[in-house]
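Take a look at the structure set out below.
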Amino acid sequence: VLEGGVPGEREAAHAYLRYVMRPDTVKDAAEVWRWMTARGLGDLRVTAEYAGFLVRQSRFAEGAAAWRAGVGETSSGYGSREFVYDGGFEREPVGSPFDWTIGTTEHVEAARDGEPHSGGRSLRISFDGEANTDYHGVSQKTAVRPGAYQFRAFVKTDGITTDEGVRWQIMDAASPARLSLETEEMKGTRGWLEVRVGFVVGPSTELLEMRLVRRASLRFDNKIKGTVWVDDVSLERAGR
């Protein structure tokens with residue numbers, strides 16, 4: 001039946017892959033995935049689901065490889081020298097751990113915006129000034145190998161109040177004790193400014209998480225208000 005094809009073959013294949021994506025059936029899921037991709041039956045959303053499944057099983061390199069194959073970002077060097085997917089926020093996220101998570105919570109609105117540093121989009125995060133917000137809703141994971149890396153992003157702020165602004169945090173997704181660092185903090189009103197930080201990934205770190213954070217302030221005047229834009233996020237590996 002599989003060789004001959006069936007009506008609704010793509011939908012049936014996706015449904016069966018979801019059925020076998022359980023911790024005790026990783027090999028079965030991999031076999032179904034290979035069968036699907038060999039016949040061109042995948043799409044970006046089911047690729048995101050499969051990559052997420054592999055990450056949950058701590059198969060980070062396999063998940064990243066499936067995602068890279070699905071998005072086909074070979075021209076940009078994604079996965080070889082560049083380790084951020086869609087650093088310009090040009091595409092709508094599809095739910096992969098290797099894509100952007102953009103979270104909107106009470107008192108915080110986050111959305112892709114038409115006010116970019118370059119390209120056609122950026123990401124805008126707005127705080128309404130009604131709460132001492134502890135926010136870490138913007139994030140992306142990436143599989144890495146040992147070596148030296150350089151993280152950079154462009155950030156613009158408009159009227160960010162309180163002593164606690166926003167910053168980028170880069171950490172080992174499985175164990176922040178192994179690796180955790182931050183860029184400089186951004187607050188007030190500033191035009192587009194590049195923030196960057198260099199670091200070395202050791203042999204124990206396989207999965208990094210990059211996230212934009214605002215920590216709750218300990219001061220009396222602690223309710224954050226204002227807007228932040230971010231664009232052109234990049235993580236490059238030195239050498240090969």
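These numbers come from a predicted model, not from an experiment.
Under 3.5 Å, the side chains of S234 and E82 contain a donor-acceptor pair of N or O atoms. Side-chain polar atoms of T162 and N222 form no donor-acceptor pair below 3.5 angstrom.
The line from CG of L235 to OG1 of T142 is 6.5 Å long, rounded to the nearest 0.5 Å. A distance of 12.0 Å separates CZ of R39 from CZ of R34, quoted to the nearest 0.5 Å.
L193 places a side-chain heavy atom less than 4.5 Å from the side chain of M186. Residues Y85 and F98 fail the side-chain proximity criterion, which asks for heavy atoms closer than 4.5 Å. Within the 4.5 Å cutoff, side-chain heavy atoms of V155 are placed close to those of V228. With contacts defined as side-chain heavy-atom distances shorter than 4.5 Å, the pair L212/Q140 does not qualify. At a threshold of 4.5 Å between non-hydrogen side-chain atoms, the residues V230 and S122 do not count as touching. Side chains of D231 and L123 form no contact here, defined as non-hydrogen atoms less than 4.5 Å apart. Counting only heavy atoms from C-beta outward, the side chains of R152 and E194 approach each other to under 4.5 Å. The side-chain heavy atoms of M210 and S139, taken from C-beta on, include no pair separated by under 4.5 Å.
Here Y135 pairs with nothing under the ring pair (Phe, Tyr, Trp, His ring centres under 6.0 Å) rule; sequence neighbours left out. Applying the side-chain contact (heavy atoms from CB on, under 4.5 Å) test to A15 and every residue at least two apart in sequence or in another chain returns nothing. Every residue meeting the ring pair (Phe, Tyr, Trp, His ring centres under 6.0 Å) condition with F89, not counting sequence neighbours, appears here in chain and number order: W100. Taking the salt bridge (Lys or Arg N to Asp or Glu O under 4.0 Å) definition, one finds that E182 meets it with R167, R215, sequence neighbours left out. In this view, A29 and L17, V20, M21, Y50, F53 satisfy the side-chain contact (heavy atoms from CB on, under 4.5 Å) rule, not counting sequence neighbours. Applying the salt bridge (Lys or Arg N to Asp or Glu O under 4.0 Å) test to R219 and every residue at least two apart in sequence or in another chain returns D163. Judged as a side-chain contact (heavy atoms from CB on, under 4.5 Å), and not counting sequence neighbours, the contacts of E206 are F60. Applying the side chain to side chain donor-acceptor pair (under 3.5 Å) rule to R190 yields no partners; only residues at least two apart in sequence or on another chain are considered. The side-chain contact (heavy atoms from CB on, under 4.5 Å) check on R45 picks up D43, V94, with sequence neighbours excluded. F127 pairs by the ring pair (Phe, Tyr, Trp, His ring centres under 6.0 Å) definition with nothing, not counting sequence neighbours.
Using modelled atom types, one side-chain atom of D86 and one backbone atom of R91 make a donor-acceptor pair closer than 3.5 Å. The closest donor-acceptor contact from the side chain of R10 to the backbone of L41 lies under 3.5 Å. A donor-acceptor pair under 3.5 Å links the side-chain atoms of E185 to the main chain of G165, judged by distance alone. Using a distance-only test at 3.5 Å, with no hydrogens or angles considered, no donor-acceptor pair links the side chain of E209 to the main chain of D172. Checked by atom type and distance alone, the side chain of T227 never pairs as donor or acceptor with a backbone atom of S126 at under 3.5 Å. Using a distance-only test at 3.5 Å, with no hydrogens or angles considered, no donor-acceptor pair links the side chain of R178 to the main chain of V201.
For the side-chain hydrogen bond (donor to acceptor under 3.5 Å, both in side chains) test with R214, the passing option among N132, T133, D134 is N132; the others fail.
Both V195 and I160 belong to a single network of hydrophobic side chains, linked directly or stepwise wherever heavy atoms of I, L, V, M, F, W or Y lie under 4.5 Å apart. Hydrophobic cluster membership differs between V197 and F154, with clusters built from Ile, Leu, Val, Met, Phe, Trp and Tyr side chains linked at under 4.5 angstrom. In this structure, V26 is a member of the same hydrophobic cluster as M36, with clusters built from ILVMFWY side-chain heavy atoms closer than 4.5 Å. When hydrophobic clusters are built by joining Ile, Leu, Val, Met, Phe, Trp and Tyr residues whose side-chain heavy atoms come closer than 4.5 Å, directly or via intermediates, L208 is grouped together with V84.
Across every non-hydrogen atom of A173 and K141, the tightest pair is CB-CE, 4.3 Å. When all heavy atoms are compared, the tightest approach of P93 to D99 is CA-OD2, 3.2 Å. Heavy atoms only, all atoms of each residue included: A153 and V233 are closest at CB-CG2, 4.0 Å. The two residues P203 and P146 come nearest to each other via the heavy atoms CA-CG, 3.7 Å. Considering every non-hydrogen atom in both Q169 and S180, the closest pair reads NE2-OG, 3.6 Å. Listed here is the closest heavy atom pair of A48 and G95: CB-C, 4.0 Å.
A salt bridge does not link E90 to R121: none of the charged side-chain nitrogens sits closer than 4.0 Å to a carboxylate oxygen.
Within the structure, side-chain hydrogen bond (donor to acceptor under 3.5 Å, both in side chains) contacts touching residues 106-120 (residues at least two apart or in different chains) are E92-R112, H107-D128, D113-R124, D113-W229, E115-K156, H117-D232, S118-D232. Applying the side-chain hydrogen bond (donor to acceptor under 3.5 Å, both in side chains) definition to pairs two or more places apart or across chains, none involves residues 19-33.
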- Task: Might you work through the ring-ring contact (aromatic ring centres under 6.0 Å, His included) test for F83 and Y78, ending with a clear yes or no?
- Result: CA-CA 6 Å; F83 290 84; Y78 174 62; 7.6 Å; no
- Test F151 against L181 for side chain to side chain contact (heavy atoms under 4.5 Å, CB included), laying out the working first. CA-CA 11 Å; F151 173 88; L181 60 148; over 6 Å; no
- E62/Q57 under side chain to side chain contact (heavy atoms under 4.5 Å, CB included): CA gap, chis, key distance, verdict: CA-CA 10 Å; E62 292 174 50; Q57 313 314 312; over 6 Å; no
- Kindly determine whether V200 and Y149 satisfy side chain to side chain contact (heavy atoms under 4.5 Å, CB included), including the steps that lead there. CA-CA 6 Å; V200 175; Y149 290 80; over 6 Å; no
- Start with the C-alpha gap between I125 and V166, add the side-chain angles, then the distance that decides, and say whether side chain to side chain contact (heavy atoms under 4.5 Å, CB included) holds. CA-CA 10 Å; I125 304 99; V166 296; over 6 Å; no
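By the neighbour-count criterion of 12 heavy atoms within 6.0 Å, atom CZ of F199 is densely surrounded, having more than that number from other residues, nucleotides or ligands.
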